[in-house]
Amino acid sequence: MASSNPIVGIVMGSASDAPTMRKACETLDELSISWEMKVCSAHRTPQRAHDYATTARQRGLKVIIAAAGMSAHLAGVMAALTHLPVLGVPMDGKLAGGLDALLSTVNMPKGIPVATMSMGSHGAVNAALMAAAILATSDDNIERTLLDFRKKQTDAIPEEPPAE
């Protein structure tokens, strides 16, 4: 539900990250949470990244999900430039399977927090769910939708394994 009034911003270091981050969009859509998606490389488009982060609050965003691979500095840049919650999603990669991105995202200095999710599509979905949980603390509609989502998820898991 890309919207003209998004409350969750999704940024990524490269357009090649979009297929993975669409999993976050799909999850936010399922929860009826408005979002926007942009490419803002910390290294190749630093002014765009700066402008995005420094105007996020005034544009109505409440949470930023930042995905990047390799040196993965995007989440840290976002967190350094805004007080909004930033959820980092390290991208799977060719170098050490994405371990470089994971370590870059999670290793933030004291005072600039980034909530780091797991790598790749699992992290994208979890970032959307974490954004929903943050938003649910002050929005009863989102809280109800999130609780319904979690109940459906729980109900979909059988208590007994299938018979052989």
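In this text the structure is predicted, and so the values were computed from the model without any measurement.
- Within the model, atoms CD1 of Ile65 and CH2 of Trp35 stand 10.5 Å from one another, a figure rounded to the nearest 0.5 Å.
- Looking at every heavy atom in both residues, Gly13 comes nearest to Arg44 through O-NH2, 2.9 Å.
- When all heavy atoms of Gly88 and Val114 are compared, the closest pair comes out as N-CG1, 3.7 Å.
- Under the 4.5 angstrom side-chain criterion for Ile, Leu, Val, Met, Phe, Trp and Tyr, the cluster partners of Leu81 are Val77.
- A heavy-atom distance below 4.5 Å is not found between the side chains of Thr82 and Leu61.
- Side-chain contact between Val39 and Thr45: absent, with no pair of heavy atoms (C-beta onward) separated by less than 4.5 Å.
- Among all heavy-atom pairs drawn from Ala66 and Ala75, the shortest one is CB-CA, 3.6 Å.
- Not counting sequence neighbours, the partners of Ser16 by the side-chain hydrogen bond (donor to acceptor under 3.5 Å, both in side chains) test are Ser14.
- Residue pairs meeting the ring pair (Phe, Tyr, Trp, His ring centres under 6.0 Å) criterion with at least one partner in residues 139-164, sequence neighbours excluded, do not occur; the list is empty.
- A continuous path of hydrophobic side-chain contacts links Met12 to Met91 [ILVMFWY only; heavy atoms under 4.5 Å].
- There is a path of hydrophobic side-chain contacts, each under 4.5 Å, that joins Val89 to Leu87.
- Applying the side chain to side chain contact (heavy atoms under 4.5 Å, CB included) criterion to Ala68, with sequence neighbours excluded, gives Ala72, Leu74.
- Residue pairs meeting the ring pair (Phe, Tyr, Trp, His ring centres under 6.0 Å) criterion with at least one partner in residues 55-102, sequence neighbours excluded, are His43-His73.
- If you chain together hydrophobic residues whose side chains sit under 4.5 Å apart, Tyr52 and Leu84 fall into the same group.
- In this structure, Ile7 is not a member of the same hydrophobic cluster as Val11, with clusters built from ILVMFWY side-chain heavy atoms closer than 4.5 Å.
- Counting only residues at least two apart or on different chains, no side chain to side chain donor-acceptor pair (under 3.5 Å) pair has a member in residues 96-119.
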Donor-acceptor pairs under 3.5 angstrom involving side-chain atoms of residues 119-127: please list them, not counting sequence neighbours.
none

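- Under the 4.5 Å side-chain heavy-atom criterion for grouping Ile, Leu, Val, Met, Phe, Trp and Tyr, Met117 is not connected to Val86 through any hydrophobic cluster.
- Nearest heavy-atom pair across Pro19 and Ala15 is CD-O, 4.0 Å.
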For residues 129-141, which side-chain donor-acceptor pairs fall under 3.5 Å, sequence neighbours excluded?
unit_1: Thr137; atom_1: OG1; unit_2: Ile134; atom_2: O; d: 2.7
unit_1: Asp139; atom_1: OD1; unit_2: Asn141; atom_2: N; d: 2.9
unit_1: Asp139; atom_1: OD1; unit_2: Ile142; atom_2: N; d: 3.0
unit_1: Asn141; atom_1: OD1; unit_2: Arg144; atom_2: NH2; d: 2.4

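- The distance from atom CE of Met37 to atom CZ of Arg22, rounded to the nearest 0.5 Å, is 5.0 Å.
- Taking every heavy atom of both residues into account, Ser41 and Ala49 meet most closely at O-CB, 4.1 Å.
- The nearest pair of heavy atoms linking Met78 to Ala53 is SD-CB, 3.7 Å.
- Partners of Arg59 by salt bridge (charged side-chain N to carboxylate O under 4.0 Å, His left out), not counting sequence neighbours, listed by chain and number: Glu36.
- For Leu147, the side chain to side chain contact (heavy atoms under 4.5 Å, CB included) partners two or more places apart in sequence, or in a different chain, are Glu143.
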Pair up each side-chain donor or acceptor in residues 151-164 with any protein partner under 3.5 Å, not counting sequence neighbours, and list the distances.
unit_1: Lys151; atom_1: NZ; unit_2: Asp155; atom_2: OD2; d: 2.6
unit_1: Thr154; atom_1: OG1; unit_2: Arg150; atom_2: O; d: 3.0

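- In this structure the side chain of Leu102 reaches within 4.5 angstrom of the side chain of Leu99, judged on heavy atoms.
- Listed by chain and number, the residues in a side chain to side chain contact (heavy atoms under 4.5 Å, CB included) with Ile112 are Ala79, Ala80, Met108 (sequence neighbours excluded).
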